[in-house]
There are 2 protein chains.
Amino acid sequence: MERKIVEGVVRNKEKSKEKFLNAVGKILRTKGFSALKVNDIAAVAGLDKKLIYNYFGGTDQLIDEYIKSQDFWSNVKNEPDLDINDGGQGLSKAMLLWQFDYVFKNKELQKIILWGLLENRSSLKKLADDREESGDALFKNISDPHFGEHSWRYRAIMALLISGIYYLDIYASTNDNTFCGLNVKTEEGRKEIEEALSFMIDKVYESK
Amino acid sequence: MERKIVEGVVRNKEKSKEKFLNAVGKILRTKGFSALKVNDIAAVAGLDKKLIYNYFGGTDQLIDEYIKSQDFWSNVKNEPDLDINDGGQGLSKAMLLWQFDYVFKNKELQKIILWGLLENRSSLKKLADDREESGDALFKNISDPHFGEHSWRYRAIMALLISGIYYLDIYASTNDNTFCGLNVKTEEGRKEIEEALSFMIDKVYESK
DNA sequence: TTTTTTTATCACCATTTGGTGATATATACT
DNA sequence: AGTATATATCACCAAATGGTGATAAAAAAA
């Protein structure tokens, strides 16, 4: 006969695992991934580090499990109520502007994006795969048909704009400097970027 | 009377300082800035770590001095032989394409760019200031007069394109994933990006 | 040559870090 | 109630890391 799993108030494996995962998130948001050390994670979780080895196998696996548990790109996906009779022009704009704002506000996502530029962690690669896959739906179903032979140009432009958005948002978070004279932290600076994004989408769709 | 500075073959302060600075560069290129530890730097330099404290005051100051010694953005500056009767259209294109290639090849610069997104080191801030200042010449003298009331739109677009270039180049170096379906590591992928850059500059100048 | 000073090494320490075996105890089962 | 076991803690270790005082040795000055 199976023994019932322990779920007391003091001893509770599932709750402890949760505590560790939460601790990873907290440290990631506040100190960044370079601060993700066993001792510190255990301290923040309020539990013994030995449990990290027992429950996850080690810090790396714990971190991987954390990344998997957070569906960072799930919110990014399509706004279904937008019409696409314009070949995705409105959708493209909305998506870029939304991401520009979303990444700016989500410090944890910023850390994750940066992490993906620094390390080759398998769980981070999977994140990138997910992002690619969800984006592919937009391309294959909407923009590719609309742009035909120029579909790759549209993709290249989106690649530049999206990665530019990432960079500028992160730059603004860690830096007080301007970029090309723009202060991406301020309302005015961000407005300029937003108008530029909108402008460029218009131009790509005009030139089809 | 001043004592002559020591410059033997075995003991030579200036050469030793050089060795430390070179060691920093080597580690930065090969292992990244997270590997810049006193013991490792000393080992690579082939000297005792005590000298790092004696000559520079510590690892941080040594690293700062290294960053200052490398004029990372000096090469980026203008190509003076390009005419600017087109309001800087050709210059803008050439600059973007050149940077796209330059950053892709220069792994050390990639690390520095990333570093600037992670830490708030004063020497890195100075680097950013330098970059801004050298770019400002282009804006103030060429694009601002040409674009008039739309000068900030041009700057915002350049900010997006340049930061997109940085991101994609670094992404390509550390990642095997595609981005918006493009493989920025391959000749074809990079060609698409280059054409997109060129296309967008044209559009901005058309719409003036 | 002898002395002085600069340059470099060495031995050593404290702290941080990752990791584990032995042990205690809360919970579940009988 | 008593017993078994999953859960959690503790003490401890080895290696890595940052940092320094005492000392050796090379080069310059006498």
Side-chain angles (χ1 to χ4, degrees), chain A residues 1-24 26-28 30-67 115 118-119 121 123, chain B residues 1-24 26-28 30-67 115 118-119 121 123:
Chain A
M1 163 123 188
E2 288 282 288
R3 185 188 170 92
K4 186 177 171 247
I5 56 167
V6 177
E7 44 186 2
V9 245
V10 180
R11 315 236 154 163
N12 189 318
K13 187 175 179 176
E14 277 314 307
K15 283 207 170 148
S16 293
K17 288 178 84 172
E18 274 302 313
K19 282 182 186 170
F20 283 122
L21 291 167
N22 291 336
V24 168
K26 187 172 183 182
I27 293 173
L28 194 56
T30 52
K31 316 231 181 190
F33 44 82
S34 60
L36 287 173
K37 327 260 190 188
V38 226
N39 296 297
D40 297 347
I41 297 172
V44 170
L47 291 165
D48 197 277
K49 60 178 168 181
K50 180 71 186 275
L51 298 179
I52 292 176
Y53 296 97
N54 290 346
Y55 294 160
F56 301 94
T59 330
D60 272 12
Q61 291 94 319
L62 164 59
I63 292 170
D64 282 349
E65 194 154 326
Y66 172 78
I67 293 174
W115 209 353
L118 274 164
E119 273 187 55
R121 212 168 256 276
S123 52
Chain B
M1 161 130 187
E2 288 283 289
R3 186 186 170 91
K4 188 180 168 240
I5 57 167
V6 177
E7 44 186 3
V9 246
V10 179
R11 315 241 153 161
N12 189 319
K13 186 173 178 176
E14 277 314 306
K15 283 205 171 150
S16 294
K17 287 178 85 172
E18 275 300 313
K19 282 182 186 171
F20 283 122
L21 291 166
N22 291 336
V24 169
K26 188 172 182 182
I27 293 174
L28 194 56
T30 53
K31 316 232 180 189
F33 43 82
S34 60
L36 286 174
K37 326 261 190 188
V38 225
N39 296 296
D40 297 346
I41 297 172
V44 170
L47 290 165
D48 196 276
K49 61 179 167 180
K50 181 70 187 274
L51 297 179
I52 293 176
Y53 296 96
N54 289 346
Y55 294 160
F56 301 93
T59 329
D60 272 12
Q61 292 93 318
L62 165 58
I63 291 171
D64 282 349
E65 194 153 326
Y66 172 78
I67 293 174
W115 209 352
L118 274 164
E119 274 187 54
R121 212 169 255 278
S123 52

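Quick note: numbers below take in every heavy atom, side chains included, and nothing from hydrogens, waters or symmetry partners. In the text below, chain A, chain B and the rest are named by the order of the sequence lines, each starting its count at 1.
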*asked:* According to side-chain contact (heavy atoms from CB on, under 4.5 Å), who are the partners of B:Lys31, at least two apart in sequence or on a separate chain?
replied: B:Ile27, B:Ala35
_Whole-Å gap separating C1' (D:dT5) and CZ (A:Arg11)_ = 11 Å
*According to a strict under-4.0 Å criterion, is A:Asn39 in side-chain N/O contact with OP1 or OP2 of C:dG18?*
yes
*Going from CD1 on B:Ile63 to CG on B:Leu21, what distance comes out if it is rounded to the nearest 0.5 angstrom?*
11.0 Å
*Heavy-atom pair with the smallest gap, counting every atom of B:Ala45 and B:Phe20*: CB-CD2, 3.6 Å
*asked:* Please give me the minimum heavy-atom distance between B:Ile41 and B:Leu36, naming the atom from each residue.
replied: CD1-C, 4.1 Å
*Within this structure, what is the NZ-to-P distance between B:Lys15 and D:dA27, rounded to whole angstrom?*
11 Å
_ring-ring contact (aromatic ring centres under 6.0 Å, His included) contacts touching residues 30-61 of chain A (sequence neighbours left out)_ = A:Phe33-A:Trp115
*B:Lys37 NZ - C:dT15 C1' separation (whole Å)*: 14 Å
_Listing request: all salt bridge (Lys or Arg N to Asp or Glu O under 4.0 Å) pairs with a residue in residues 37-66 of chain B, at least two apart in sequence or in separate chains._
B:Asp60-B:Arg121, B:Asp64-B:Arg121
*Round to a whole Å and report the spacing from CD of B:Gln61 to C1' of D:dG19.*
13 Å
*salt bridge (charged side-chain N to carboxylate O under 4.0 Å, His left out) involving B:Glu14 - partner list, sequence neighbours excluded*: none
_Applying side-chain contact (heavy atoms from CB on, under 4.5 Å) to A:Asn22 and A:Lys19, what does each step give before you reach the verdict?_
CA-CA 5 Å; A:Asn22 291 336; A:Lys19 282 182 186 170; 5.6 Å; no
*Where along residues 45-60 of chain A does a heavy atom come under 4.0 Å from DNA chain D, residue by residue in number order?*
A:Leu47, A:Asp48, A:Lys50, A:Leu51, A:Tyr55
*Proximity to the side chain of B:Asp40 - top-ranked nucleotide from D:dT17, D:dA27, C:dT17*: D:dT17
*In whole angstrom, give the distance that lies between atom CG of B:Asn12 and atom C1' of C:dT9.*
17 Å
_Contacting residues from residues 16-24 of chain B, given that a heavy atom lies under 4.0 angstrom of DNA chain C_ = B:Ser16
*asked:* In this structure, how many angstroms lie between the C1' atom of D:dA28 and the NZ atom of B:Lys13, rounded?
replied: 15 Å
*B:Val38 vs B:Val10, nearer the 5' end of DNA chain D by closest nucleotide*: B:Val38
*Can you tell me how far C1' of C:dT27 sits from CD of A:Glu7, to the nearest Å?*
10 Å
*Could you state the CG-C1' distance from B:Leu36 to D:dA16, rounded to the nearest angstrom?*
16 Å
*Residue pair B:Ile52 / B:Thr59: nearest heavy atoms and the distance that separates them*: CG2-N, 4.1 Å
